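Notes to accompany the following structure.
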Amino acid sequence: MTVSLWTLARGQRGAIDSFDEALQDDYRIRLMELGFHPGETVSCLQAPALGAPKVYRVANTVFSLDDEVAGYVRVRPEDNV
């Protein structure tokens, strides 16, 4: 089962599965340049309240993504860590 990256809770991680087809190519390419590749493990480090951007770790780097972008990244969640 895949869910959007945005649904990961703080402390949860998952393997990137794919990108939603509705994601524009320039965003997909940029995310891949940053390390968001299918098969890569991504962790949610911070999930602030009120819809603020969440903080994720992927490929030993930390990024902040808002729901408009993270919602297009499909992940297979793992058990909470």
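Along the sequence shown, residues are numbered consecutively beginning with 1. All values derive from a computational prediction rather than experimental measurement. Because only heavy atoms are used, hydrogens play no part in the values below, and waters and symmetry mates are left out as well, while side chains stay in.
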Mark yes when over 12 heavy atoms from residues, nucleotides or ligands other than Glu33 sit less than 6.0 Å from its CD; otherwise mark no.
yes
Would Phe36 and Phe63 count as a close aromatic pair, with their ring centres under 6.0 Å?
yes
Smallest separation among heavy atoms of Ser4 and Gly71, with atom names
CB-O, 3.4 Å
Is a donor on one side and an acceptor on the other found under 3.5 Å between the side chain of Arg74 and the backbone of Thr2?
yes
Could you walk me through whether Arg76 and Asp17 satisfy the salt bridge (charged side-chain N to carboxylate O under 4.0 Å, His left out) test, starting with their C-alpha distance in whole Å, then the side-chain angles of each, then the deciding distance to 0.1 Å, before giving a yes or no?
CA-CA 6 Å; Arg76 293 186 182 279; Asp17 183 70; 3.2 Å; yes
Looking only at heavy atoms, the pair that brings Pro38 and Phe19 closest together is CD-CE1, 4.4 Å
Decide yes or no for Leu31 and Leu23: does some side-chain heavy atom of the first lie under 4.5 Å from some side-chain heavy atom of the second?
yes
Does a side-chain heavy-atom distance below 4.5 Å link Tyr56 with Leu65?
yes
Side chains of Val75 and Leu8 in contact at under 4.5 Å (non-hydrogen atoms):
yes
So, taking the atom named CG in Asp20 and the one named OH in Tyr27, what distance separates them when rounded to the nearest 0.5 Å?
14.5 Å
Would you say the side-chain atoms of Asp66 pair up with the backbone N or O of Val69, donor to acceptor, closer than 3.5 Å?
yes
pair Val42-Leu5: side-chain heavy atoms closer than 4.5 Å:
yes
If you compare all heavy atoms of Tyr72 against all heavy atoms of Ala22, which two are closest, and at what distance to 0.1 Å?
CE2-CB, 3.8 Å
Rounded to the nearest 0.5 Å, what's the gap from CE on Met32 to CD on Glu40? Could you check?
10.5 Å
Rounded distance [0.5 Å steps], CD in Gln24 versus CZ in Arg30
15.5 Å
Does any non-hydrogen side-chain atom of Lys54 lie less than 4.5 Å from one of Ser64?
no
Do the non-hydrogen side-chain atoms of Val62 and Val55 ever get within less than 4.5 Å of each other?
yes
So do Pro77 and Gln12 actually touch side chain to side chain, heavy atoms under 4.5 Å?
yes
